[in-house]
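All figures in this text were calculated on a predicted structure; none of them were measured in a lab.
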Amino acid sequence: MAQNLKNLDLSIELDKKMYKKKLKVLQYEMLNAQQFLLKNKIGLILVFEGMDAAGKGGAIKRLIERVDPRGYVVHPISAPQPHELRYNYLQRFWRKLPQHGQIAIFDRSWYGRVLVERIEGFASKDEWSRAYEEINNFEKILTAGDYIIIKFWLHVSDEEQLKRFKEREQNPYKSWKLTDEDWRNREKTPQYIEAANEMFEKTDKKDAPWILVPGDDKKHARVQVLQETIAHIEREALKRGLHLTNVLDNGQLEDADSFSLEFGDEK
């Protein structure tokens, strides 16, 4: 059954005390996973898409907070530059792929072709309609080799998004995050949801899955992103005949056994 945003439970919350405890352990687990990927020369590609103000930046920040900064790069993706329009739309993403053993995080991605370019008319119907197959082939080439791909969609309710917009508007340290275009996009939320659901249906693959993350509670979303990332790396390691063993000093993970890392018990 295809994933659908209407089935996402946005009421899930995580207690602040438990959040801090889980976050610390999961961040060390992520550092361990990074060292494992480096040792085995496996590239990790993380895609973040979702609604405006859904918490993508905050989730990315917590994901990389304790990893080796020499081993990752975050690519904030905006509209293509004029010289990039002379090439196929995927060309600029090929150039940003990580080396084997490195991590590349895409804050927005090639899925813009079937989201914003589709809705705003920057791509013709023929162009965005055939993009699903093009993207699937692009990702298949990568995952058939030495890359792991995980794609996150962070989602918030209309009410929570409005609340965050108003908070940003009033906070001088966050007002730069809010643009006139963000306000205008709120009117097109139903179109974005429709496009996103079609995107999940056509591009959610076992080797390059979409993970839908309820984002009304930022703490829950950040923890889920870390957990899902580590779990998928572990599954991909097993497929390669490898084991995601601890390569760090056990003292760094001293409180790892104090709670279960299973995500289902956090409501």
Side-chain angles (χ1 to χ4, degrees), residues 1-12 44-56 59-60 75 77 80 88-90 92-94 97 104-145 147-158 160-161 185-216 220-221 224-225 227-229 231-233 235-236 239 263-264:
M1 183 178 176
Q3 298 196 73
N4 194 295
L5 290 173
K6 70 178 182 181
N7 299 324
L8 202 59
D9 184 0
L10 296 174
S11 67
I12 298 176
L44 176 63
I45 299 169
L46 300 175
V47 169
F48 284 82
E49 294 282 358
M51 307 302 291
D52 294 329
K56 296 181 290 296
I60 292 171
H75 297 292
I77 302 301
N88 178 278
Y89 71 98
L90 288 172
R92 64 179 177 139
F93 300 107
W94 275 106
L97 294 178
I105 300 171
F106 289 87
D107 186 351
R108 304 294 188 184
S109 69
W110 43 93
Y111 282 97
R113 174 58 53 123
V114 297
L115 292 169
V116 63
E117 292 184 33
R118 165 184 172 170
I119 293 169
E120 300 295 339
F122 298 139
S124 68
K125 185 174 182 179
D126 284 343
E127 287 174 327
W128 63 257
S129 294
R130 68 171 183 262
Y132 300 112
E133 184 177 0
E134 293 168 346
I135 289 171
N136 285 335
N137 289 335
F138 169 61
E139 293 176 351
K140 187 175 181 179
I141 290 170
L142 298 175
T143 57
Y147 286 101
I148 295 172
I149 297 178
I150 315 169
K151 302 171 299 196
F152 291 102
W153 178 278
L154 274 67
H155 198 67
V156 290
S157 64
D158 188 68
E160 179 64 21
Q161 185 189 60
N185 284 343
R186 276 181 56 81
E187 300 174 3
K188 299 186 178 182
T189 295
Q191 292 171 257
Y192 274 97
I193 290 177
E194 178 185 2
N197 285 331
E198 185 172 358
M199 178 181 72
F200 304 143
E201 180 183 359
K202 295 185 176 180
T203 63
D204 183 19
K205 304 298 179 182
K206 185 176 181 181
D207 291 334
W210 275 106
I211 308 296
L212 276 54
V213 180
D216 274 18
H220 169 90
Q224 183 178 357
V225 166
Q227 288 183 319
E228 298 281 5
T229 299
H232 190 69
I233 292 171
R235 287 192 295 270
E236 289 296 313
K239 283 172 55 178
F263 196 65

- Item | Atom pair NE2/CG of His155 and Asp9 - distance to nearest 0.5 Å | 12.0 Å
- Query: Does the side chain of Asn136 come within less than 4.5 Å of Phe138's, by heavy atoms?
  - Reply: no
- Applying ring pair (Phe, Tyr, Trp, His ring centres under 6.0 Å) to Trp128 and not counting sequence neighbours gives none
- Task: With sequence neighbours left out, write down each residue that passes ring pair (Phe, Tyr, Trp, His ring centres under 6.0 Å) with Tyr132, or none if nothing qualifies.
- Result: none
- Using the test side chain to side chain contact (heavy atoms under 4.5 Å, CB included), find all partners of Ser129 that sit at least two apart in sequence or belong to another chain. Lys125
- Message: Holding to side chain to side chain donor-acceptor pair (under 3.5 Å), I want the full list of residues that pass it with Lys188, two or more places apart in sequence or in another chain.
- Response: Glu120
- Message: For Lys151, give me all partners under salt bridge (Lys or Arg N to Asp or Glu O under 4.0 Å), at least two apart in sequence or on another chain.
- Response: Glu139
- Please identify each residue that fulfils side chain to side chain contact (heavy atoms under 4.5 Å, CB included) with Ile141, with sequence neighbours left out. Trp94
- Partners passing salt bridge (Lys or Arg N to Asp or Glu O under 4.0 Å) against Arg235 (at least two apart in sequence or in another chain): none
- Query: Listed by chain and number, what are the side chain to side chain donor-acceptor pair (under 3.5 Å) partners of Asp204, not counting sequence neighbours?
  - Reply: Gln3
- Contacts of Phe106 that satisfy ring pair (Phe, Tyr, Trp, His ring centres under 6.0 Å) - sequence neighbours left out: His75, Trp110
- Query: Can you name the residues that form a salt bridge (Lys or Arg N to Asp or Glu O under 4.0 Å) with Arg108, not counting sequence neighbours?
  - Reply: Glu49, Asp52
- Message: So, using side chain to side chain donor-acceptor pair (under 3.5 Å) as the criterion, who are the partners of Glu236 when residues are at least two apart?
- Response: Lys239, Arg240
- side chain to side chain donor-acceptor pair (under 3.5 Å) against Glu198, all qualifying residues, sequence neighbours excluded: Arg118, Lys202
